Amino acid sequence: MYSLDVGKYSIEIGDLLDSSFEKLLSQYSSSKKVIIVDGNTNKYCLHHLIKKFKSLNKAKIVVLPEGENNKQITSSISVWESLTEYGIGRHDLIINLGGGVVTDMGGFIACSFKRGCDFINIPTSLLGMVDASIGGKTGVNLGKFKNQIGFFSNPKAVFIDTIFLDTLPESEIYSGLAEMMKYGLIYNKEIFNRVVKQYDDFRNIDQILLKDCVEVKKNIVNKDFFESGLRKILNFGHTIGHVIEGYYNTTLNLSHGHSIAIGMLMESSFSVDYSSLSKDDYKIIKKVITSNYEMPYFSNQAINDMVQMLENDKKNKEGKILTCLLREIGYCNYDFEISKKEFMEKFKSYKIS
Ligand SMILES: NC(=O)c1ccc[n+]([C@@H]2O[C@H](COP(=O)([O-])OP(=O)(O)OC[C@H]3O[C@@H](n4cnc5c(N)ncnc54)[C@H](O)[C@@H]3O)[C@@H](O)[C@H]2O)c1
């Protein structure tokens, strides 16, 4: 069992039965409990929890429709209505059991309901384990615009048990590996090299590597919770990745990590143009990404629309589009200004005919 202290809460990695989850639940013995799941985690993950922790037998189960398309305020409204119907109050407990959509939206629902209920995250996707469930960002999308509405708000604790990965589809494992690769690219070349090897054995995620990735995020977030400086490097690949994810959401349905991988490839290319990433490092990154993630076809219309969407990126300041670029593998800087024209040209240079 690995335990990482993130200031006000802890992240525990290992078998849930060996964790402090039960002890934490006992602090809510007289409270009502709600478990938020989506269709898949209801089917594949909920029984693990209920079977192991008898005090959850009476918990109310709220099932969200699965998928990024449903990470919208409209889905949240029906959950707030259910919480009201169940008489949930501020001293009750919400447990988010799912991937990043459930922990982002469940966290948002919890911290806005009656001005804030306690919540615990139990991530069930690899991406949720290494990224979405930790760091205190909660929120929902606004139409095609990612995470436009939300709060910074910490859970009471995060429990990461890789047993849940057994039922996770292969494409979703690859989605999580992309975010793990990001930690290596922005912070630690040795982690990058280990993640590259993990692609060859993606069904057996190395727990120590997982813990090291979580620790990278923890270290960055502890230094800059509200993202006024250093935390921005966690957005490497996300300026482009988010518009790809938002644009193709209803058509290609690319996973979050897949979109971010394509974003990291294109932002690595910008890193050669405007920072000091060497062409050799770029070639290494390109090989890993293109051999594991398919490039979408960018039509002229798609490029125009995605470049327009960049105007709404949350990192923008005074109308400027700001992004993060690599200095080398393992080191990232933030606040590089890139024009819409340059983005347009970059998208065109990756256009597959
Ligand atoms: N808050 C943050 O800091 C942060 C960071 C990164 C990503 N995110 C957000 O996370 C979301 C992506 O998360 P995700 O990739 O986990 O997506 P997701 O929650 O949609 O999960 C991916 C798919 O896997 C299914 N699933 C999850 N666990 C399963 C399991 N154990 N067995 C079988 N199926 C399972 C889900 O139902 C879904 O179909 C995006 O909305 C992204 O914006 C947030």
Side-chain angles (χ1 to χ4, degrees), residues 6 11 16 36-49 63-72 75-76 96-108 110-111 119 121-142 144-155 158 160-180 182-183 203 205 213-214 216-218 220-221 225-227 231-232 234-238 241-246 249 253-261 263 314:
V6 197
I11 303 169
L16 261 175
I36 301 185
V37 288
D38 71 10
N40 289 321
T41 61
N42 185 30
K43 186 169 169 190
Y44 298 114
C45 308
L46 184 63
H47 60 96
H48 281 292
L49 207 62
V63 186
L64 296 171
E66 63 269 10
E68 187 68 28
N69 280 342
N70 296 301
K71 192 179 148 184
Q72 297 283 343
S75 309
S76 313
N96 299 316
L97 178 71
V101 168
V102 170
T103 54
D104 270 19
M105 191 151 66
F108 170 72
C111 65
F119 67 100
N121 285 339
I122 304 182
T124 60
S125 68
L126 182 59
L127 191 134
M129 293 177 186
V130 294
D131 194 359
S133 69
I134 53 179
K137 282 187 181 177
T138 70
V140 290
N141 304 332
L142 188 65
K144 284 187 172 183
F145 297 106
K146 291 272 304 166
N147 306 323
Q148 290 282 301
I149 317 290
F151 305 101
F152 283 98
S153 181
N154 280 322
V158 180
I160 299 174
D161 187 341
T162 50
I163 182 106
F164 294 117
L165 298 181
D166 291 352
T167 53
L168 194 68
E170 180 177 326
S171 59
E172 296 301 336
I173 299 271
Y174 272 71
S175 177
L177 285 170
E179 291 284 6
M180 291 168 77
K182 180 193 75 182
Y183 293 129
R203 273 288 163 204
I205 296 297
C213 288
V214 170
V216 170
K217 180 153 185 185
K218 182 205 96 166
I220 295 171
V221 170
F225 184 66
F226 289 109
E227 201 170 297
R231 186 171 180 166
K232 292 180 190 177
L234 289 171
N235 295 310
F236 175 64
H238 286 59
H242 270 169
V243 294
I244 291 178
E245 187 180 8
N249 190 13
N253 203 9
L254 299 177
S255 70
H256 178 76
H258 189 140
S259 311
I260 298 312
K314 288 183 293 307

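This one's a predicted model, so the numbers in the text were calculated from it and none came from an experiment. Counting starts at 1 for both ligands and their atoms, following the listed order. Worth knowing before you read on, the calculation uses all heavy atoms, side chains too, and leaves out hydrogens, waters and symmetry mates.
Taking only nitrogen or oxygen atoms, main chain and side chain alike, Gly98 does not reach within less than 3.5 Å of ligand 1. In terms of polar-atom proximity, Lys71 is counted as a contact of ligand 1, with an N or O under 3.5 Å from an N or O of the ligand. Residue contacts with ligand 1: Phe164 is placed with a nitrogen or oxygen under 3.5 Å of a nitrogen or oxygen of the ligand (distance criterion only). By the 3.5 Å distance cut-off applied to N or O atoms, Glu68 is counted among the residues near ligand 1. Any N or O atom pair closer than 3.5 Å counts here, and Glu66 shares no such pair with ligand 1.
Expressed to the nearest 0.5 Å, how far OG1 of Thr124 lies from CD1 of Ile160 amounts to 11.5 Å. Atom NE2 of His242 is separated from atom CD1 of Ile260 by 4.5 Å, given to the nearest 0.5 angstrom.
Summarising the contacts of atom 15 (O) of ligand 1 with Leu97, Leu234, Leu127, Asp166, the nearest heavy atom is found in Leu127. Atom 24 (O) of ligand 1 has its nearest heavy-atom neighbour, among Glu179, Glu245, Glu172, in Glu172. Comparing heavy-atom distances from atom 18 (P) of ligand 1 across Ile173, Leu64, Val101, Asn69 singles out Val101 as nearest.
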(request) Using the side chain to side chain donor-acceptor pair (under 3.5 Å) rule, take Glu68 and Asn253 through it: C-alpha gap first, then chi angles, then the decisive distance, then the call. (result) CA-CA 9 Å; Glu68 187 68 28; Asn253 203 9; over 6 Å; no
(request) Assess whether side chain to side chain contact (heavy atoms under 4.5 Å, CB included) is satisfied between Ile36 and Leu64, documenting all intermediate values. (result) CA-CA 7 Å; Ile36 301 185; Leu64 296 171; 3.6 Å; yes
(message) Using the rule given for side chain to side chain contact (heavy atoms under 4.5 Å, CB included), can you reason through Val130 versus Met180, listing the C-alpha separation, both sets of side-chain angles and the distance that settles it, and then say yes or no?
(response) CA-CA 7 Å; Val130 294; Met180 291 168 77; 3.8 Å; yes
(request) Go through the steps for Glu245 and His238 under the test side chain to side chain donor-acceptor pair (under 3.5 Å), then give the verdict. (result) CA-CA 9 Å; Glu245 187 180 8; His238 286 59; over 6 Å; no
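Among protein heavy atoms, atom 17 (O) of ligand 1 sits closest to Gly100 N, 4.0 Å. The protein heavy atom nearest to atom 6 (C) of ligand 1 is Asp131 OD2, 3.3 Å. In this structure, atom 3 (O) of ligand 1 lies nearest to the protein heavy atom Lys217 NZ, 3.3 Å. What sits closest to atom 27 (C) of ligand 1 on the protein, heavy atoms only, is Thr124 OG1, 3.5 Å. Distance from atom 16 (O) of ligand 1 to its nearest protein heavy atom, with residue and atom name: Ser125 OG, 2.5 Å. Atom 8 (N) of ligand 1 has Ala132 CB, 3.6 Å as its closest protein atom, hydrogens excluded (heavy atom only). Nearest protein heavy-atom contact of atom 35 (C) of ligand 1 is Leu168 CD1, 3.5 Å.
Checking Gln148 against Asn141 by side-chain atom types alone, no donor-acceptor pair falls below 3.5 Å. With hydrogens and angles left out, the side-chain atoms of Asn42 and Glu66 include no donor and acceptor closer than 3.5 Å.
In this structure, Lys146 contributes its side chain and Gly246 its backbone to no donor-acceptor pair below 3.5 Å.
Taking a cutoff of 4.0 Å between a charged side-chain nitrogen and a carboxylate oxygen, Asp104 and Lys71 qualify as a salt bridge.
Using a 4.0 Å heavy-atom cutoff, His48 is absent from the residues neighbouring ligand 1. Judged by the shortest distance from any of its heavy atoms, Cys45 lies inside the 4.0 Å radius around the atoms of ligand 1.
Per-residue contacts place Thr167 under 4.0 angstrom from the following atoms of ligand 1 (heavy atoms of the residue considered): 30 (C), 31 (N), 32 (N), 33 (C). Heavy-atom contacts of Tyr44 reach the following atoms of ligand 1: 33 (C) (cutoff under 4.0 Å). Using a 4.0 Å cut-off to heavy atoms of Gly99, the atoms of ligand 1 that qualify are 16 (O), 19 (O). Heavy-atom contacts of Lys146 reach the following atoms of ligand 1: 40 (C), 41 (O), 42 (C), 43 (O) (cutoff under 4.0 Å). Each of the following atoms of ligand 1 lies closer than 4.0 Å to a heavy atom of Asp38: 36 (C), 37 (O). Residue His256 approaches ligand 1 through these ligand atoms, each under 4.0 Å from one of its heavy atoms: 6 (C), 7 (C), 12 (C), 42 (C), 43 (O). Of all atoms in ligand 1, listed by their number and element, those nearer than 4.0 Å to a heavy atom of Lys137 are 1 (N), 3 (O). If you number the atoms of ligand 1 from 1 as listed, the ones under 4.0 Å from a heavy atom of Asn40 come out as 25 (C), 34 (N), 36 (C), 37 (O), 39 (O).
In the displayed structure, Phe145 atom CZ is contacted under 6.0 Å by more than 12 heavy atoms of other residues, nucleotides or ligands.
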Let me have the donor-acceptor pairs involving side chains of residues 166-173, under 3.5 Å, with sequence neighbours excluded, atom names and distances please.
| from | atom 1 | to | atom 2 | distance (Å) |
| --- | --- | --- | --- | --- |
| Thr167 | OG1 | Phe164 | O | 3.4 |

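When all heavy atoms of Leu127 and Gly257 are compared, the closest pair comes out as CD1-N, 4.0 Å. Looking at every heavy atom in both residues, Phe152 comes nearest to Phe225 through CE2-O, 3.4 Å.
Contacts classified as salt bridge (charged side-chain N to carboxylate O under 4.0 Å, His left out) and involving residues 38-47 (residues at least two apart or in different chains) are not found.
Neither the backbone nor the side chain of His242 has a heavy atom within less than 4.0 Å of ligand 1. At a heavy-atom distance under 4.0 Å, only side-chain atoms of Asp104, from C-beta outward, approach ligand 1. Only side-chain heavy atoms of Asn147 come within less than 4.0 Å of ligand 1; its backbone N, CA, C and O stay farther off.
You'll find the side chain of Ser175 stays beyond 4.5 Å of the side chain of His258, heavy atoms only.
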